[in-house]
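Everything below concerns the one structure shown next.
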Amino acid sequence: MKNREIADLFDQIADILELLGENTFKVASYHKASRVVGDLTEDVAALSQEGKLRDLPGIGESIASKIEEYLKTGTMARYQELAAEVPGGVVEMMHVPGLGPKTAGLFWKKAEVKSIADLQTAIEEGRLVGLPGIGEKKVENIKKGLATYLAGQSRILLGKALPIAEEIAVLLGKLKGVHEAIAAGSLRRRRETIGDIDILVSSTRGKEIVDAFVALPMVREVLAAGETKGSARVEGGFQIDVRVVPPESFGAALLYFTGSKAHNIRVRELAIAKKLKLNEYGLFRGEKPVAGKTEQEVYDVLGLAWMPPEIREDRGEVDAALAGQIPELVDVGDIRCDLQMHSTASDGGASIEEMAKTCQELGYSYMAITDHSQSLKIAHGLTPERLGEQRKEIDALNAKLGGENFRILAGVEVDILGEGKLDLPDEALAELDFVIASIHTGMTQDAATITKRITTAMRNPHVHGIAHPTGRVIGQREPYAVDFEEMVRVAKETGTALEINAYPERLDLNDVHARAARDAGIKLLIDTDAHAPDQLHFMRYGVFTARRGWVRKEDVLNTLPLNEFLAWTTGRRKGG
DNA sequence: GCCGTTTTCGGCCCGACTGTTTTCAGTCG
């Protein structure tokens, strides 16, 4: 699948065009095309063959022909031409914070700076100060940006950022004169990783709020503290920006600071079409404010249904909102169970009883214990005999804990071995209430091999679902080379569910894949894969990912009451 | 380069901040 390569080329073209001073809208067109192609779950080659490239938003004649050219020849002439004009290192320099296309071009042409390494040397030798429009402060700023860039501006996992942001928002919300305090930005959209944390506060007392913020106990270093904006580094190294806006602008500001940028652009275009202007202070007709207090108010005037922040990515939500067709997304409160977790029997840190008690506290009505299977020696995986013993323990616990109101299901996370063979015999699997299969070995196999393994496992009638279907670990491990479309096709054919693993490092399926699976009519499971009781609280991250994938309650099996869920598991085994 | 209940040509989101400037360019979100 060449989607990623093509998307990257379009970003490169956009960067070079920007450096060369091309029309900014042309530059934006290539960036948009990159995003659209990069977000596709279908193979762009298949779309090309079906003649559907131009149906994609932002893909017109010129870009479609470049995609076709690349698919046919493996190169893109326009890119080759452009790349020959500008050294790659100069393009890379544009990604240093504080250093944009104009300055990168200037350094290249007037100071022979052609790479990040050259840049570092030029700064040290003081060769940059004195160039047109370049003073001491600008170079100092670029030097700081370079340090950030070289440190690898790693993004923070949502699972790490959200608890801290929430804690600070609660503290700010309690201050005198504060109406509301909400974390905005990609955090509010629940992206899997976050760049920086923006907290928006509704109040007329800017200075007091900012001063109170930088005096919070978790603040380690104050970076700025002005009238309406404060910036600080907190324990854990996160940078947090707090912005204070008056209540009459809070909705418009929340919309603006929540983004995404692409979403904001679409919404502003609609405002212009209605002869209005939208900015972070409100929606205006001429000078006159017509909305701004709440997001709802702004969307209403524009004829849009309110959109959950998770879907504000310019992936069709604005058109859906215009048509009044925003789906009712699954919510944490809809979840009735957790169907993937481990106990001390394999590599978990707590007993089944401890896990069950936490599940009860979370308000679930059932759960499944899914320890690893025998071949995973390092995790002390279970043999059929040990699974039999565990079943007895579960039966006893059910009698002790639940009665009618709570039930522990006996399950397993069975390893998919070579060629799709499962790590337990069918007779052992048949004894269990719930079977989820997954890959823990041979993760670097080629697409054909690994896809065949997974689809073969799906065809086993005892397998209800596939856990962490793509195997990626955020920032640590690339997904398996699995052919996602084929996996979805066989999931549909066999009635196998796919998991959205809620573990913050996994979130697998991701948002885009979850959307594609849902669109294909696949049933989803949202599981924590908890190895300890506190990890059962990760459920919400899986739900956020599902919501980002436009997933509704009816798409998710663990929103079902127990009897309906069991009807599904037994139906699945009969091949239904 | 894309796109069309204003348009097939002429638009294309908006403002703040910073630094280097005497009125603005560049960068960012």
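What you see below is based on every heavy atom in this structure, not just the backbone, and it leaves out hydrogens, waters and symmetry mates. Throughout, protein chains are lettered first and strands after them, A, B, ... in sequence-line order, and every chain is numbered starting at 1.
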Test item: R472(A) side-chain N/O and R506(A) main-chain N/O as donor-acceptor pair under 3.5 Å:
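Side chain of R472(A) to backbone of R506(A), a donor-acceptor pair under 3.5 Å: yes, one is there.
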Test your reading of the model: is there a side-chain donor-acceptor pair from D241(A) to the backbone of K229(A), 3.5 Å cut-off?
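No; judged by distance alone, with no hydrogens or angles, the pair does not exist.
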Closest listed nucleotide, where the reference is the side chain of [X] and the choices are [options]:
X: R268(A); options: dT27(B), dC13(B), dG15(B); result: dC13(B)
X: K26(A); options: dG1(B), dG15(B), dC13(B); result: dG1(B)
X: K277(A); options: dC13(B), dG15(B), dT20(B); result: dG15(B)
X: I272(A); options: dT6(B), dC28(B), dC14(B); result: dC14(B)
X: I265(A); options: dC13(B), dC2(B), dT6(B); result: dC13(B)
X: T103(A); options: dT6(B), dC28(B), dG26(B); result: dG26(B)
X: I63(A); options: dG29(B), dG1(B), dG19(B); result: dG1(B)
X: K261(A); options: dG26(B), dG15(B), dC13(B); result: dC13(B)
X: K138(A); options: dC14(B), dG1(B), dT20(B); result: dT20(B)
X: Y281(A); options: dG15(B), dC12(B), dT6(B); result: dG15(B)

Phosphate OP1/OP2 of [N] contacted by [X] side-chain N/O (<4.0 Å):
X: Y256(A); N: dC28(B); answer: no
X: T24(A); N: dC12(B); answer: no
X: S62(A); N: dG1(B); answer: yes
X: K229(A); N: dC17(B); answer: no

Whole-Å distance between [N] [atom2] and [X] [atom1]?
X: K102(A); N: dT20(B); atom1: NZ; atom2: P; result: 18 Å
X: D198(A); N: dG29(B); atom1: CG; atom2: P; result: 10 Å
X: E287(A); N: dC14(B); atom1: CD; atom2: C1'; result: 15 Å
X: F25(A); N: dG4(B); atom1: CZ; atom2: P; result: 17 Å
X: I134(A); N: dT21(B); atom1: CD1; atom2: C1'; result: 13 Å
X: H95(A); N: dT27(B); atom1: NE2; atom2: C1'; result: 14 Å
X: L131(A); N: dA25(B); atom1: CG; atom2: P; result: 19 Å
X: L276(A); N: dT6(B); atom1: CG; atom2: C1'; result: 15 Å

Report all side-chain donor-acceptor pairs from residues 194-206 of chain A shorter than 3.5 Å, counting only partners two or more places apart or in another chain.
residue : atom : partner : partner atom : Å
S203(A) : OG   : G177(A) : O            : 2.7
S203(A) : OG   : R205(A) : N            : 3.0

Have [X] and [Y] got a donor and an acceptor in their side chains that come within less than 3.5 Å?
X: E92(A); Y: S115(A); answer: no
X: Q12(A); Y: D8(A); answer: no
X: Y79(A); Y: E69(A); answer: no

When the [atom1] atoms of [M] and [N] are compared, how many Å lie between them, rounded to an integer?
N: dC17(B); M: dC12(B); atom1: C1'; result: 24 Å
N: dC13(B); M: dC3(B); atom1: P; result: 13 Å
N: dT6(B); M: dG11(B); atom1: C1'; result: 11 Å
N: dA16(B); M: dG10(B); atom1: P; result: 32 Å
N: dT22(B); M: dC28(B); atom1: C1'; result: 25 Å
N: dT5(B); M: dG1(B); atom1: C1'; result: 24 Å
N: dT20(B); M: dA25(B); atom1: P; result: 16 Å
N: dC14(B); M: dC9(B); atom1: C1'; result: 24 Å

Identify whether any heavy atom of [X] sits under 4.0 Å from a base atom; if not, whether one sits that close to sugar-phosphate; answer base, sugar-phosphate or nothing.
X: V96(A); value: sugar-phosphate
X: A33(A); value: nothing
X: N23(A); value: base
X: K66(A); value: sugar-phosphate
X: E136(A); value: sugar-phosphate

Closer to the 5' end of DNA chain B via nearest nucleotide, is it N279(A) or R243(A)?
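That would be N279(A).
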Toward the 5' end of DNA chain B, by each residue's nearest nucleotide, L56(A) or P132(A):
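Comparing both residues, the 5'-ward one is L56(A).
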Before we go on, tell me: are the rings of H513(A) and F484(A) under 6.0 Å apart, centre to centre?
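Yes, the ring centres sit under 6.0 Å apart.
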Please list every donor-acceptor pair under 3.5 Å in which a side-chain atom of residues 271-284 of chain A meets a protein atom from a residue at least two apart or in another chain.
residue : atom : partner : partner atom : Å
N279(A) : OD1  : Y281(A) : N            : 2.8
N279(A) : OD1  : G282(A) : N            : 3.2

Whom does dA16(B) pair with, Watson-Crick or G-U wobble, provided both distances fall under 3.5 Å?
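dT27(B) is the nucleotide pairing with dA16(B).
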Anti/syn call for dT7(B), syn if |chi| within 90°:
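Syn, angle within 90° of zero.
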